[in-house]
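Have a look at the structure below, then the notes.
If you read the sequence from its start, that first residue is 1, and numbering goes on from there. Every heavy atom of this structure was used, including side-chain atoms; hydrogens, water molecules and symmetry mates were not.
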Amino acid sequence: MTLKIRVIPTLLWKGPGLVKGQMFRNDRRVGPILPAVNVYNRRDVDELILLDVNREPITTTNKLQRIQEVGAEVSVPLTIGGGIRTADDATLILRNGADKISLNSSNYVYLELISEIASRHGSQAVVASLDVRRISRNEWKCFSKSGSQQESGDLKSWGVKLAEAGAGEILFTSIDRDGTMKGYDLDAIHLLSSSVEIPVIASGGAGKLSDFPEAIEAGASAVAAASVFHFTQITPSEVRRALSDFGHPVRQTC
């Protein structure tokens, strides 16, 4: 069976609401969370990603309550990321409305956390996140803590480590392209996807319909975007049609 290409809006969560990011600078507030979630429900998206860029602990009362509220509203698979430090954190999120959790900074401190969560909940529940900057023409370095701290190792080596640890898929984000709407980093997507056997979600830079099939042709299994959906007239349904026009399998809607 041919797997369908997924189109996934990304929401950046900071404090009481959502923010717009550009190159991981998240300064512009764009409104509360639940109205945006309801818009995407009506637009029949394939999945939804909600990332806490403040990385607050999961045990914070307001954070857990907000996850419950979002989980109750979302009618598609929901990934929650930010502030997950233990397997118990992941379990708490998955029991309160999320279908998957996304790990980033914790990977560089305790890689075995991926294995622990996958053992409890299955690899399909673990999305390992890689935020990278291009250092030279053919080199990308990984960053943690919302892009503020460079880590040792490069894109390919960390991609392989995450796959071997038991991640079900990798959310790749180009910090350089984030929020710019200048197109995905196709070279990096190709390098990563050709180095691992698990799905790669391309993120960072989508600005026009042609950007999405280009990411799939570079090797991505799914496409994620934020600004292009929040600030243009392009909808996830239009992206699916564009992908279909290029011969890529997508979920058909009425």
Check: S244 main-chain N/O paired with R241 side-chain donor or acceptor under 3.5 Å: no

Main-chain N/O of E56 paired with K63 side-chain donor or acceptor, under 3.5 Å: yes

Distance, nearest 0.5 Å, that separates CG of L192 from CG of D154: 10.5 Å

side-chain contact (heavy atoms from CB on, under 4.5 Å) assessment of T86 paired with D89: CA-CA 5 Å; T86 68; D89 287 344; 3.3 Å; yes

Taking every non-hydrogen atom, the tightest pair across G166 and S123: O-OG, 2.8 Å

Under 3.5 Å donor-acceptor, S148 side chain and K145 backbone: yes

R6/E47 salt bridge by N-O under 4.0 Å criterion: yes

Residue pair N107 / W158, side-chain donor-acceptor N/O under 3.5 Å: no

Pair E69 + R66: basic N to acidic O under 4.0 Å: yes

S193 side chain vs V200 backbone, donor-acceptor pair below 3.5 Å: no

Sidechain-backbone polar pair: N41 side chain, S75 backbone, donor-acceptor under 3.5 Å: yes

Short side-chain donor-acceptor distance under 3.5 Å, E116 and Y110: yes

Heavy-atom closest contact (S144 atom, E151 atom, distance): OG-OE2, 2.6 Å

Salt-bridge present (R120, D88; N to O < 4.0 Å): yes

pair T232-M181: side-chain heavy atoms closer than 4.5 Å: yes

Salt bridge flag under 4.0 Å for residues D187 and R134: yes

For H248 against P213, the heavy-atom pair lying closest together: NE2-O, 4.0 Å

